[in-house]
2 protein chains.
Amino acid sequence: MTSLSEAGRSRATMREVAALAGVSLKTVSRVVNEEAGVSADVRERVTSAVRHLDYRPNLAASNLRRTSARTGLIGALVQDLSNSFSAGLLRALEDTARARRTGVLAASLDEGVDREREMVHDLVTRRVDGLVIMPASARQDYLVAELRTGTPAVFVDRPPRGVDADSVVVDNVTGGRMGTEHLLAQGHRRIAGLFHLTQIVTAQQRLDGFRAAHEARGLRPDPRLVVTDISSTDEAAHVVDQLLALNEPPTAIFAGRNILASGAVRSLAEHGLRRSVALVSFDDFPLADLLDPPLTVVRQDVARIGRTVGEMIFQRIDGDTSPPRHVVIEPTLVVRGSGEIPPPP
Amino acid sequence: MTSLSEAGRSRATMREVAALAGVSLKTVSRVVNEEAGVSADVRERVTSAVRHLDYRPNLAASNLRRTSARTGLIGALVQDLSNSFSAGLLRALEDTARARRTGVLAASLDEGVDREREMVHDLVTRRVDGLVIMPASARQDYLVAELRTGTPAVFVDRPPRGVDADSVVVDNVTGGRMGTEHLLAQGHRRIAGLFHLTQIVTAQQRLDGFRAAHEARGLRPDPRLVVTDISSTDEAAHVVDQLLALNEPPTAIFAGRNILASGAVRSLAEHGLRRSVALVSFDDFPLADLLDPPLTVVRQDVARIGRTVGEMIFQRIDGDTSPPRHVVIEPTLVVRGSGEIPPPP
DNA sequence: TTGAAAGCGGTACCAT
DNA sequence: ATGGTACCGCTTTCAA
């Protein structure tokens, strides 16, 4: 038995294992790395020494000398680890990475531009094999130098600007148009549009789609019904409160983001209008199908996005130097009920 | 301008920077680490060389020689990165770690016992400064050796067995009792209990709480209404379908986990009973307040749990060798509507 | 089958 | 203010 008093002793090195087993450093290395050419007898002595000393190889030290120096680590910078989109994406990425015996070092940017640069620097310093970036910044010129030194990067959700790198994004314009057209097709003509910060390209594109759907029918959205730069559920609820108080309130609402849809639902519920005003949201989320009425959404397939990102980054890690690819994934309309409420006669 | 053709050149080392700047290795080291005692002139030459070569320090190499060899990395093994509990926990942990300039290497275990051991081994090999573990295994004897070599660990959500380490868990028994008592207090006497795999200690404890609440009132739950080992939303829906078909169906349901509550809601909705049968769930989740009726839940404060875990692991990393602490966090009942539906007269 | 020596990219320590 | 040399823990290369 090893007693507790030994706790905290310094970690054993390969050299110490060699000394205890009475063999050379190189022999221990052979055993630890399961290389051939070690007699059963010696192997046993080494294994035993490893156990006695609680020896654990030091991956950083190995990689330092190793020729194919991969760290088996990719860095992933997302908007917020805890939101369902980022979390779902990471999960799919993790699954792809696991097959390659690679870990995922993830961090939340919270739309922080400086934080993005700091994190990229830190990750490069750690020599991650690749970077996955859901950028907070508008331009990523700073990345040019990093890519030059050999760290590949794949952008996700938002396209790169100022640097030419792979990307996987959703067709937000089409998504915005699909959701809006769905409401127009049912006869709605006063459709409110709720959008996030328009400086974020995805939000702007969804708004573009909202407008395009109207124009395709020769219509123009009422400017008073289009509200941008809403960044929280509370704000969204407040906005909807005000819209419902108009002389001619909207008969339908298109929410450009799931947290805005939450606010809309709350406001509608407080006014007893959940079954009277139609609602379509961009972004699916857990439980959306259990709302009453169930929420009709434009869904982005997170798992597919994450898988695609994973495949692309590993292709680059494996040495693919072909020109950057830009994958656009089409969203789908999931009809559940809230979006099929007809306009009042 | 640096042309694209330079892409992929091997990464510059400190030695190369020194050569280009015409100074010694040690001087470059001083500049890179912002140590004092370098003339402005030399500093400028070095900085310039760093820029020209796109030099980036190699953290692993630095740490190898550095005395206080911290990697600035903690490993976090959770049940599933993409579920809201794990994700919320990681987010809070990340925030604590960020203040310590430490990154979080997270991985999903999916209740995989072997995967847990493999991941711990991998993380130790990477020399993470600490481990945060939401264990999949029933016993963690294997961890004794790891702790002995100096990698501290904190358990979260589920307590350690076979090894004495810090832990932060929720009082599941009390939570189960609170939720059940809430239903009993309103006169319900036929309360169904839905629970996850009872081999998972948290599920068993919630069931214990469910029973204890009954016993405290001198009651005994009807065995036909208590169903364990339900592991998915679909299964839960199916179970509730069957319970509702009984001669004496339940007038209320206590769901031991949020995904089971989802199934219950779906089944109740299909039977048109959402406003007739009371429902309380263990585990809050996004949108629970927007359901109709809004879901009454026993909430675990994920942010607080994550923060506590973060503080504990860093205390250990900082050298605290006091006896392991076991923090129990009390859940709270969040009354919203679904749990206040009265029994039929 | 086994081992000695060099070196990976840096830091520590001591001179100068 | 700057540099030289040993050395961190391991792999590589080559010799025995």
Side-chain angles (χ1 to χ4, degrees), chain A residues 9-47 49-50 53-72 122 124-128 149-151, chain B residues 9-47 49-50 53-72 122 124-128 149-151:
Chain A
R9 69 146 178 268
S10 74
R11 200 182 286 277
T13 67
M14 197 174 257
R15 190 185 311 276
E16 293 172 278
V17 174
L20 181 59
V23 298
S24 81
L25 188 63
K26 176 60 199 174
T27 299
V28 177
S29 173
R30 286 200 179 90
V31 173
V32 168
N33 293 300
E34 299 178 318
E35 285 173 33
V38 181
S39 70
D41 170 44
V42 170
R43 182 179 303 277
E44 173 49 41
R45 266 168 38 221
V46 171
T47 309
V50 163
L53 296 174
D54 292 327
Y55 170 76
R56 296 292 180 278
N58 181 327
L59 189 64
S62 321
N63 282 338
L64 197 53
R65 188 62 171 87
R66 226 186 273 275
T67 34
S68 104
R70 285 195 189 164
T71 52
D122 178 78
V124 168
T125 271
R126 290 183 190 277
R127 295 292 188 273
V128 293
T149 65
T151 307
Chain B
R9 71 147 175 268
S10 74
R11 201 182 286 278
T13 68
M14 196 175 259
R15 191 183 311 277
E16 293 172 277
V17 174
L20 181 59
V23 297
S24 81
L25 189 65
K26 178 61 196 170
T27 299
V28 176
S29 172
R30 285 199 179 92
V31 173
V32 168
N33 293 299
E34 299 178 318
E35 285 173 33
V38 181
S39 70
D41 171 44
V42 170
R43 181 178 303 277
E44 172 50 39
R45 265 167 39 221
V46 171
T47 310
V50 163
L53 297 174
D54 292 325
Y55 170 75
R56 297 290 180 277
N58 181 327
L59 190 63
S62 321
N63 282 339
L64 197 53
R65 185 61 169 93
R66 230 187 270 276
T67 33
S68 106
R70 286 194 189 164
T71 52
D122 178 79
V124 168
T125 271
R126 290 183 191 277
R127 295 293 187 272
V128 294
T149 66
T151 307

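Rounded to the nearest 0.5 angstrom, A/Leu59 CG and B/Asp122 CG are separated by 7.0 Å. Taken from CZ in A/Arg126 to OG1 in B/Thr71, the straight-line distance is 6.5 Å, to the nearest 0.5 Å. With rounding to the nearest 0.5 angstrom, the CG atom of B/Asn63 is 11.0 Å from the CG atom of A/Leu64.
For DNA chain D, the neighbouring residues in residues 29-38 of chain A, judged by any heavy atom under 4.0 Å, are A/Ser29, A/Asn33.
In the set D/dG9, C/dG10, D/dT2, D/dT2 carries the atom at the smallest distance from any side-chain atom of B/Thr27.
In this structure, A/Leu25 places its CG atom 12 Å from C1' of D/dT12, rounding to the nearest Å. A straight line from CE of B/Met14 to P of C/dC8 spans 15 Å, rounded to a whole angstrom. Nucleotide C/dT1 holds its C1' atom 12 Å from the CG atom of A/Asp41, rounded to whole Å. Between the C1' atom of C/dG9 and the CZ atom of A/Arg126 lies a distance of 17 Å, rounded to the nearest Å. Rounding to whole angstrom units, CG of residue B/Leu64 and P of C/dA12 are separated by 12 Å. Counting to the nearest Å, the C1' atom of C/dT11 and the CG atom of B/Leu59 are 13 Å from each other. The NZ-P distance, from A/Lys26 to D/dC14, rounds to 13 Å in whole Å. At whole-Å resolution of the value, CZ in B/Arg65 and P in C/dC8 are 17 Å apart.
Within the structure, a side-chain polar atom (N or O) of B/Ser39 is placed less than 4.0 Å from OP1 or OP2 of D/dT2. Look at B/Ser24 and you won't find any side-chain N or O under 4.0 angstrom from OP1 or OP2 of D/dG4.
Between A/Arg11 and B/Val124, some side-chain heavy-atom pair lies under the 4.5 Å cut-off.
The overall bend of the helix from C/dT1-D/dA16 to C/dT16-D/dA1, read as the angle between its terminal helix axes built from five base pairs each, is 30° when rounded to 10 degrees.
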Name each donor-acceptor pair under 3.5 Å that joins a side chain in residues 32-42 of chain B to protein atoms two or more places apart or in another chain, with its distance.
residue: B/Asn33; atom: ND2; partner: B/Ser29; partner atom: O; Å: 2.9
residue: B/Asn33; atom: ND2; partner: B/Ser29; partner atom: OG; Å: 3.4
residue: B/Ser39; atom: OG; partner: B/Val42; partner atom: N; Å: 3.3

Can I get a per-line list of side-chain donor-acceptor pairs under 3.5 Å for residues 17-28 of chain B, giving both atom names and the distance, sequence neighbours left out?
residue: B/Ser24; atom: OG; partner: B/Lys26; partner atom: N; Å: 3.4
residue: B/Ser24; atom: OG; partner: B/Thr27; partner atom: N; Å: 3.4
residue: B/Ser24; atom: OG; partner: B/Thr27; partner atom: OG1; Å: 3.3

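Looking at residues two or more places apart in sequence or on another chain, you find no salt bridge (Lys or Arg N to Asp or Glu O under 4.0 Å) involving A/Arg30. The side-chain hydrogen bond (donor to acceptor under 3.5 Å, both in side chains) test applied to B/Ser62 returns no partner, not counting sequence neighbours.
At the heavy-atom level, B/Arg56 lies under 4.0 Å from the strands shown only through sugar-phosphate atoms.
Under the 3.5 Å distance criterion, the side-chain polar atoms of A/Arg127 are matched with a main-chain donor or acceptor of B/Pro57.
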